[in-house]
Amino acid sequence: EGSMADTEEKAAALSNPNLLINGGFAIWQRGESFTIPRTGYGTGKYTADRWRVWANPDSTGGNITVTKAADGMHVESDGAAFMSYRFEAADVEALSGKTLTLSLSRNGAVSVIPVTLSGNAFSITLLYGAGTTTINWIKLEVGEEATPYVPKGYGEELLACMRYYPVSYTHLRAHETRE
């Protein structure tokens with residue numbers, strides 16, 4: 001009987017995998033600091049790999065500043081700020097009709113939000129007005145309840161991110177000419 005209770009306790013602590021790549025904001029191949037002007041909903045910049053941040057053009061003020069922090073993604077804004085994540089068509093098809101739960105840690109406080117995928121992306125409001133925040137991690141999982149966030153290894157995240165941010169190199173070779 002004690003063994004069965006122990007097994008149930010361990011099973012309850014298990015975590016569903018995070019469906020998001022770079023949910024802990026460990027990979028920043030484009031740089032580690034960005035300034036994003038208030039130019040509209042359809043614009044913005046990719047900051048941490050797989051995450052696009054943009055400013056609300058209806059707010060007064062100028063920019064959003066996004067920087068890599070030891071504990072996630074730090075955001076400073078003088079107005080509303082948003083972040084989005086885009087899925088591939090195969091992922092959308094696989095998740096279609098499933099119950100999804102989004103959990104995130106903002107300044108160390110965890111929130112759980114039921115999610116319905118519309119199209120191939122979802123958006124999160126980072127700030128409703130001027131202020132600062134740090135998003136520590138974001139997790140999307142199948143099911144009605146949030147399970148603990150378990151970060152993937154750095155190498156696994158980097159490989160997944162590299163698929164979406166290829167870096168090309170030009171090899172130059174000196175040619176010898178003979179007369």
**Request:** Spell out, as yes or no, whether a donor-acceptor pair under 3.5 Å connects the side chain of Arg50 to the backbone of Gly23.
**Result:** no

* Measure the shortest side-chain to side-chain distance between Ile113 and Ile124 over non-hydrogen atoms and say whether it is less than 4.5 angstrom. => no

Leu20 side chain near Phe122 side chain, heavy-atom distance below 4.5 Å: yes

Check your understanding: With distance as the sole test, does Asn22 use its side chain to make a donor-acceptor pair with the main-chain N or O of Ile27 at under 3.5 Å?
Key -> yes

Is a donor from one side chain sitting under 3.5 angstrom from an acceptor on the other, for Glu88 and Tyr164?
yes

Side-chain touch Met73/Met83, heavy atoms, less than 4.5 angstrom: yes

With a 4.5 Å heavy-atom cut-off, do Val112 and Thr101 have their side chains touching?
-> yes

Output for pair (Glu93 CD, Asn120 CG), nearest 0.5 Å, gives 13.0 Å

(Q) Determine whether a donor-acceptor pair (N or O, by modelled atom type, separation under 3.5 Å) exists between the side chain of Glu157 and the backbone of Ala26. (A) no

>> For the backbone of Thr65 and the side chain of Glu76, can you confirm whether one donor and one acceptor N or O come within less than 3.5 Å of each other?
In response: no

Taking Val75's backbone N and O only, do any of them form a donor-acceptor pair with Thr133's side chain (distance below 3.5 Å, no angle check)?
no

One should read off an interatomic distance between Arg30 CZ and Thr47 OG1, to the nearest 0.5 angstrom, of 8.5 Å

Paired with Phe25, the ring-ring contact (aromatic ring centres under 6.0 Å, His included) test is passed by just one of Tyr85, Tyr154, Trp51, namely Trp51

Could you check Val66 against Ile36 for side chain to side chain contact (heavy atoms under 4.5 Å, CB included), going step by step and ending with a plain yes or no? CA-CA 8 Å; Val66 177; Ile36 302 161; 4.0 Å; yes

Handout entry: hydrophobic_cluster_shared for Tyr46 and Val53, side chain cutoff 4.5 Å
Key = no

Smallest heavy-atom separation, Pro37 atom then Asn63 atom, equals CA-OD1, 3.2 Å

Transitive ILVMFWY side-chain link Tyr149 to Ile135, under 4.5 Å: no

Flag, side chain of Asn18 to backbone of Ile138, donor-acceptor distance under 3.5 Å
yes

Output for pair (Ser123 OG, Arg52 CZ), nearest 0.5 Å, gives 7.0 Å

Taking every heavy atom of Leu19 against every heavy atom of Phe87, the minimum-distance pair comes out as O-CE2, 4.3 Å

Exercise for review: Could you tell me whether the side chain of Lys139 and the main chain of Asn16 form a donor-acceptor pair under 3.5 Å?
Suggested key: yes

Trp28 and Gly72 have their tightest heavy-atom pair at CZ2-O, 4.2 Å

Criterion side chain to side chain contact (heavy atoms under 4.5 Å, CB included) on Val142 and Leu100, from CA distance to verdict | CA-CA 5 Å; Val142 174; Leu100 302 173; 4.0 Å; yes

field: Check: Trp137 main-chain N/O paired with Ser105 side-chain donor or acceptor under 3.5 Å
entry: no

For Ala146 and Glu141 the tightest heavy-atom approach is CA-OE2, 3.3 Å

Closest heavy-atom pair, Lys45 versus Thr35, reported as atoms and distance to 0.1 Å, is NZ-O, 3.1 Å

- Message: For Gly108, is there any backbone N or O sitting under 3.5 Å from a side-chain donor or acceptor partner on Asn136?
- Response: yes

query = When you measure from the side chain of Asp78 to the backbone N and O of Ala130, does any donor-acceptor pair fall under 3.5 Å?
reply = no

In this structure, CG of Leu127 is separated from CZ of Arg106 (nearest 0.5 Å) by 7.0 Å

Here the pair of heavy atoms bringing Thr147 nearest to Ser15 is OG1-OG, 3.3 Å

* Does some side-chain heavy atom of Phe82 sit less than 4.5 Å from a side-chain heavy atom of Ile64? -> no

